[in-house]
Amino acid sequence: MTPLQLRAEFAVRLSTLYGQEVPAYTTLLDVTASINAETMRATGADAERFGSIERVTAERHGAIRVGNAREMSQVATIFGAMGMYPVGFYDLRDAASSSIPVVSTAFRPLDQDELAINPFRVFTSMLVASDRRFFDEDLGARLTEFLERRTLFPPLLLDLAAQAEREGGLGAEDATTFLDLATSSFALSGDPIDKAWYRELESVSAVAADIGGVGSTHINHLTPRVLDIDLLHRRMEERGVAMIDTIQGPPRTSGAGLLLRQTSFRALNEQRMFVDADGRLESGHLRVRFGEVEARGAAATVLGRSRYDAYLERVGDRTPDGRSQLWSSLAPENEADWLTEDLAYFSFRPTGLAPSSADRAFGLVELVESGVVAADPIVYEDFLPKSAAGIFRSNLESDGTRNSENAATSFDADAMAGVLGRTLHDPYTIYGRIRQDSVTQLEKQLGLAAPLACPWNG
Ligand code: OOG
Ligand code: NI
């Protein structure tokens with residue numbers, strides 16, 4: 001099996017697992033499928049401008065959380081076997097007032113043709129046990145030691161993953177073993193939980209307890225992609241699933257919009273066994289999983305993204321109408337304007353119409369305007385830190401505590417690359433390369449002697 005086949009099969013297996021574990025996820029998939037079918041019927045080819053219906057139907061992202069650098073680099077190997085590579089750095093420690101002591105990246109395919117078939121991605125967070133704002137020296141030391149002692153992934157899984165990366169895939173039998181072990185590593189464990197330890201961590205941060213209070217990791221949500229998220233929000237409420245009251249990300253626009261919009265619901269309390277200091281077992285409840293759904297739009301350039309960041313800074317507690325007004329004052333709805341103002345990434349292809357000599361004298365924008373070239377928006381394949389923090393928060397019983405007088409442990413994208421022991425890809429570089437490759441190709445196809453003038457080249 002190739003990395004692509006391993007990834008697609010892994011996504012299917014996780015989906016089956018999560019459906020068994022969290023029944024509301026199955027409802028979410030039903031509602032998503034019917035809305036996607038309705039949207040396809042209503043808008044036809046337009047619905048597929050941001051990915052074929054086959055891609056969108058298979059599309060999922062998951063989220064996992066691990067405890068330390070060793071576990072993070074193991075995750076990188078497991079996902080590497082499936083053609084998923086770390087992209088982007090997210091520091092959630094300061095993204096919300098709640099105690100979220102993690103730094104994150106997302107593992108995903110890089111190539112357009114891989115993304116077009118199965119873009120499965122996993123948002124992966126790592127606890128920062130050394131951050132004294134969250135953990136004092138004593139607790140930090142015990143947490144570090146606990147994490148050092150546990151084993152999240154069986155050695156055979158790691159060996160097979162390394163082999164798959166080296167050899168570009170696995171034979172049938174090894175592939176089955178790899179997929180079995182990988183899937184079960186992300187299942188919720190039924191092992192009894194050390195009650196005192198879990199509650200001690202939970203009083204500081206529910207996220208820390210979820211990561212370091214138990215001996216295993218688990219997939220905490222699996223997110224399908226929907227073509228109309230506002231409609232989905234209403235339909236889920238009609239089906240009796242209480243959603244968070246907002247859709248995170250930019251407000252609704254007439255088209256797919258920029259970036260990413262997400263909403264979620266809390267999973268039910270799940271029964272778990274706890275063990276006390278005397279070894280007595282008792283039954284209890286935890287809420288560590290939830291449901292999420294998302295709608296994806298165009299990848300924003302640095303400039304486009306700065307408009308969204310300005311929106312977040314100014315939005316405050318505006319009404320839905322006020323939010324829409326603010327967003328439309330910052331970013332045009334129209335794709336043509338995104339291109340001329342360089343707010344989003346596109347790829348380009350000739351339509352077959354011959355350029356006139358006047359077109360040749362001008363640049364890319366003129367060629368698009370005269371219909372010689374088609375501009376297709378590039379799908380946003382990444383995440384938004386503010387939304388991610390919101391998703392974390394929506395599932396917390398309490399905000400936890402933090403001691404803001406203590407200094408933060410410094411941690412940045414370079415430090416994350418060091419932890420991973422591999423390149424940490426920059427999303428803008430990836431989108432920029434896809435765009436540039438398509439322009440170079442276009443220049444050849446149109447037989448242009450000189451490079452085309454493009455909005456992003458001044
Ligand atoms: C990850 C939350 C981030 C998203 O969609 O922004 C995320 C987590 O809760 O572990 O999945
Ligand atoms: Ni998510």
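Every number for a ligand or one of its atoms is a count from 1 in the order of the listing.
- Between Glu202 and Arg199 there is a salt bridge, since a side-chain N of the basic residue sits under 4.0 Å from a carboxylate O of the acidic one.
- For the residue pair Ile53 and Thr57, the shortest heavy atom distance occurs at O-OG1, 2.6 Å.
- At least one cation-pi condition fails for Arg305 and Tyr428: the charged atom is not both under 6.0 angstrom from the six-membered ring centre and inside a 45 degree cone around its axis.
- The closest donor-acceptor contact from the side chain of Ser205 to the backbone of Ala208 lies under 3.5 Å.
- Between Glu381 and Pro119, the closest heavy-atom pair is OE1-CB, 4.1 Å.
- Residue Glu294 places every heavy atom at 4.0 Å or more from ligand 1.
- With a 4.0 Å heavy-atom cut-off, ligand 1 is reached by the side chain of Phe290 but not by its N, CA, C or O.
- Judged by distance alone, the side chain of Thr409 and the main-chain N or O of Ser130 form a donor-acceptor pair under 3.5 Å.
- Under a 4.0 Å criterion applied to the non-hydrogen atoms of Gln262, ligand 1 contributes the atoms 4 (C), 5 (O), 6 (O).
- Heavy-atom proximity to Ala388, at under 4.0 Å, picks out these atoms of ligand 1: 2 (C), 3 (C), 6 (O).
- Around the Ni ion (ligand 2), the protein N, O or S atoms found under 2.8 Å comprise His61 NE2, His221 NE2, Glu292 OE1.
- Tyr90 contributes a side-chain N or O that, together with a main-chain N or O of Phe383, makes up a donor-acceptor pair within less than 3.5 Å.
- Of all protein heavy atoms, the one lying nearest to atom 10 (O) of ligand 1 is Arg65 NE, 2.8 Å.
- Within ligand 1, counting atoms from 1 as listed, the ones closer than 4.0 Å to a heavy atom of Glu292 are 4 (C), 5 (O).
- Under a cut-off of 6.0 angstrom, the local environment of CD in Glu282 is crowded, with over 12 non-hydrogen atoms contributed by other residues, nucleotides or ligands.
- The backbone N or O of Ser254 lies less than 3.5 Å from a partner atom in the side chain of Glu333, making a donor-acceptor pair.
- Taking all atoms of both residues into account, the shortest heavy-atom contact from Leu420 to Leu424 is CD1-CD1, 4.0 Å.
- Annotation for ligand 1: atoms under 4.0 Å from non-hydrogen atoms of Ala63 are 1 (C), 8 (C), 10 (O), 11 (O).
- A salt bridge links Arg296 with Glu294; the closest basic N to acidic carboxylate O contact falls under 4.0 Å.
- Taking only nitrogen or oxygen atoms, main chain and side chain alike, Ser387 does not reach within less than 3.5 Å of ligand 1.
- Neither the backbone nor the side chain of Thr223 comes within 4.0 Å of ligand 1, counting heavy atoms alone.
- Polar contact with ligand 1: present for His221 (N/O pair, distance under 3.5 Å).
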